[in-house]
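See structure below.
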Amino acid sequence: MRFANPHALWLLLTVPVAVFAYVLAFARRRRLLARLGDAPLVAKMTAEVSLPRKHARAALVVLALALVATALARPQAGGRARLTKEPGLDMVVALDFSRSMLAKDVYPSRLERAKRELEHLMDGLAGDRIGLVAFAGETLSYPPTTDYAAVKLFWRDMYPWDMPVGGTAIGQAMHASLELLTRLRAHGGPSRAQVILLLTDGEDTDSEPLAEADEASKLGVKVFTVGIGSRSGELIPEYDETGNVTGYVKDADGKYVTSRLAEDMLQQIAQKTAGEYFHADPKRFGVDEIARALAGLKRSENEARVVKQYDEIFELLVLPAFLLLVGEACMSERRRRAARAEATS
């Protein structure tokens, strides 16, 4: 089973909120009744009200809320496989894995936010061949494919300390990306757009990215750059083997090192290749703008591939939620004996 809209699962946080609200409401009721005075008299006045029934009604509402929140995430299961041809383009995503990407000016960190937004971007793609380049001082590549699940697994558990060499070599990342795209051209096939999506804080230390941008321009490859981080600068955290922050990076003089977004270079790269620059900050990442930019590029059909179509099962949750709410509305809070006595009088 999978969820077509997993971000809606955040709505499940309303369940504990609702439980807490009911707890406060019941506690407030007890306090108000205690203020009325004589306890036996108050108990006699409220004898017709069944507290267990009030609790049951609250439980029905909370359970219905959980079911609706899960249904909005569109659970899917089963399904069938079919062969399909979909138009697409060739794209290489170059993601920065330098230590400066651990800065937390973009929640939860520059790197983690980039991973999440890239997964969200891929959820909206179909037919595009995607290759990956993870880079710091050196590069690690994954060849272009339409198997997006495999693409996501490539970087999901990768971190800066997994890279063989530290630093930030944006030029090497672009060179490796161009190599992947050039190999696809060597196999021939219909003409289609080729792009590089470069995500970094822009602090290049070991290469000449503008020269690679000129080469990309000659090959007709557009480069879309995404600058991640604040323009003012941010401290770079250090981690121990268990993933806990132990301090912040210092230079040889013992001063704290700050990572500042180098926008000028990223804008020049995008301009040289007729691409576009996007800025990712704590409030907005710009993944929707990237998707719109990619949507306007030329696409051609890939070879037939197997695509699994899932069956929607959200209705299996909506119907029980509706019945629970109906049951809650029909349930009386009066005790059965009181209701029968009134009926016979």
Side-chain angles (χ1 to χ4, degrees), residues 88-98 101 106 110-136 139-148 150-152 154-156 158 168-184 192-202 204 209-210 212-213 215-217 219-229 261-263 265-281 284-299:
L89 51 76
D90 296 331
M91 177 169 63
V92 174
V93 177
L95 179 57
D96 188 350
F97 277 84
S98 62
M101 290 290 286
V106 177
R110 296 176 181 177
L111 181 58
E112 287 301 320
R113 182 68 181 279
K115 289 180 181 181
R116 296 179 187 181
E117 295 294 341
L118 283 173
E119 290 194 6
H120 177 59
L121 175 66
M122 283 189 287
D123 288 339
L125 300 179
D128 297 329
R129 289 185 295 197
I130 299 179
L132 299 178
V133 172
F135 70 95
T139 62
L140 297 175
S141 300
Y142 188 92
T145 178
T146 54
D147 186 352
Y148 300 154
V151 171
K152 293 176 183 179
F154 176 78
W155 66 51
R156 183 166 293 171
M158 184 181 294
T168 308
I170 296 177
Q172 291 187 36
M174 293 180 61
H175 181 77
S177 300
L178 288 173
E179 282 190 340
L180 292 178
L181 294 174
T182 303
R183 290 174 195 166
L184 291 177
R192 57 198 294 157
Q194 292 191 321
V195 301
I196 297 173
L197 179 59
L198 174 66
L199 299 98
T200 177
D201 54 21
D204 184 85
L210 295 181
E212 294 297 333
E215 183 64 23
S217 178
L219 295 173
V221 176
K222 295 179 182 292
V223 181
F224 294 91
T225 57
V226 181
I228 308 173
L261 178 62
E263 282 189 300
M265 182 184 61
L266 296 178
Q267 290 172 343
Q268 291 181 54
I269 292 173
Q271 185 178 9
K272 282 177 175 288
T273 61
E276 194 170 347
Y277 169 74
F278 305 94
H279 178 225
D281 57 30
R284 139 183 189 284
F285 199 89
V287 67
D288 294 330
E289 296 179 7
I290 297 171
R292 283 194 291 270
L294 295 176
L297 300 179
K298 182 179 179 181
R299 284 169 163 79

Kindly determine whether Lys115 and Leu95 satisfy side-chain contact (heavy atoms from CB on, under 4.5 Å), including the steps that lead there.
-> CA-CA 9 Å; Lys115 289 180 181 181; Leu95 179 57; 4.3 Å; yes

Go through the steps for Trp155 and Leu111 under the test side-chain contact (heavy atoms from CB on, under 4.5 Å), then give the verdict.
-> CA-CA 10 Å; Trp155 66 51; Leu111 181 58; over 6 Å; no

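Note that OG1 of Thr200 is 4.0 Å distant from CD1 of Ile170, once rounded to the nearest 0.5 Å. For the atom pair Arg129 CZ and Tyr148 OH, the distance stands at 10.5 Å (nearest 0.5 Å). Note that CG of Leu294 is 5.5 Å distant from CE of Met91, once rounded to the nearest 0.5 Å. The distance from atom CD of Gln194 to atom CG of Leu297, rounded to the nearest 0.5 Å, is 11.5 Å.
Partners of Tyr142 according to the ring-ring contact (aromatic ring centres under 6.0 Å, His included) rule, which considers only residues two or more places apart in sequence or in another chain, are Phe154. With sequence neighbours left out, the side chain to side chain donor-acceptor pair (under 3.5 Å) criterion links Gln268 to no other residue.
At least one side-chain heavy atom of Ile269 sits under 4.5 Å from a side-chain heavy atom of Met174. Looking only at side-chain heavy atoms (C-beta outward), Leu118 and Leu197 come within less than 4.5 Å of each other. In this structure, Glu119 and Arg156 have side chains that are in contact, with non-hydrogen atoms separated by less than 4.5 Å. Under the 4.5 Å side-chain criterion, counting only non-hydrogen atoms from C-beta, Asp288 is in contact with His120. Looking at heavy atoms from C-beta onward, Thr273 lies out of side-chain contact with Val195 at the 4.5 angstrom threshold. Between Pro144 and Asp90, the closest side-chain pair of non-hydrogen atoms is not below 4.5 Å.
Nearest heavy-atom pair, Phe224 versus Ala293, reported as atom, atom and distance to 0.1 Å: CE2-CB, 3.8 Å. Listed here is the closest heavy atom pair of Val226 and Ala280: CG1-CB, 4.1 Å. Annotation for His279 and Gly229: closest pair NE2-O, 2.9 Å, computed over non-hydrogen atoms. Here the closest heavy-atom approach between residue Phe97 and residue Met158 is recorded as CE2-O, 3.3 Å. When all heavy atoms of Pro143 and Leu180 are compared, the pair lying nearest together is CA-CD2, 4.3 Å. Taking each heavy atom of Gly88 and Asp128 in turn, the nearest pair found is CA-OD1, 3.1 Å.
Judged by distance alone, with hydrogens and angles left aside, the side-chain atoms of Ser177 form a donor-acceptor pair with the main-chain N or O of Ala173 at under 3.5 Å. Looking only at distances, no side-chain donor or acceptor of Thr139 sits under 3.5 Å from a matching main-chain atom of Ala176.
Checked against Leu199 for a side chain to side chain contact (heavy atoms under 4.5 Å, CB included), the options Leu266, Ile290, Ile228, Asp96 give a single hit: Ile228. When each of Val223, Ile196, Val133, Val92 is paired with Leu178, the side chain to side chain contact (heavy atoms under 4.5 Å, CB included) condition holds for Ile196 and for no other.
In Gln271, the CD atom is not crowded: 12 or fewer heavy atoms of neighbouring residues, nucleotides or ligands sit closer than 6.0 Å.
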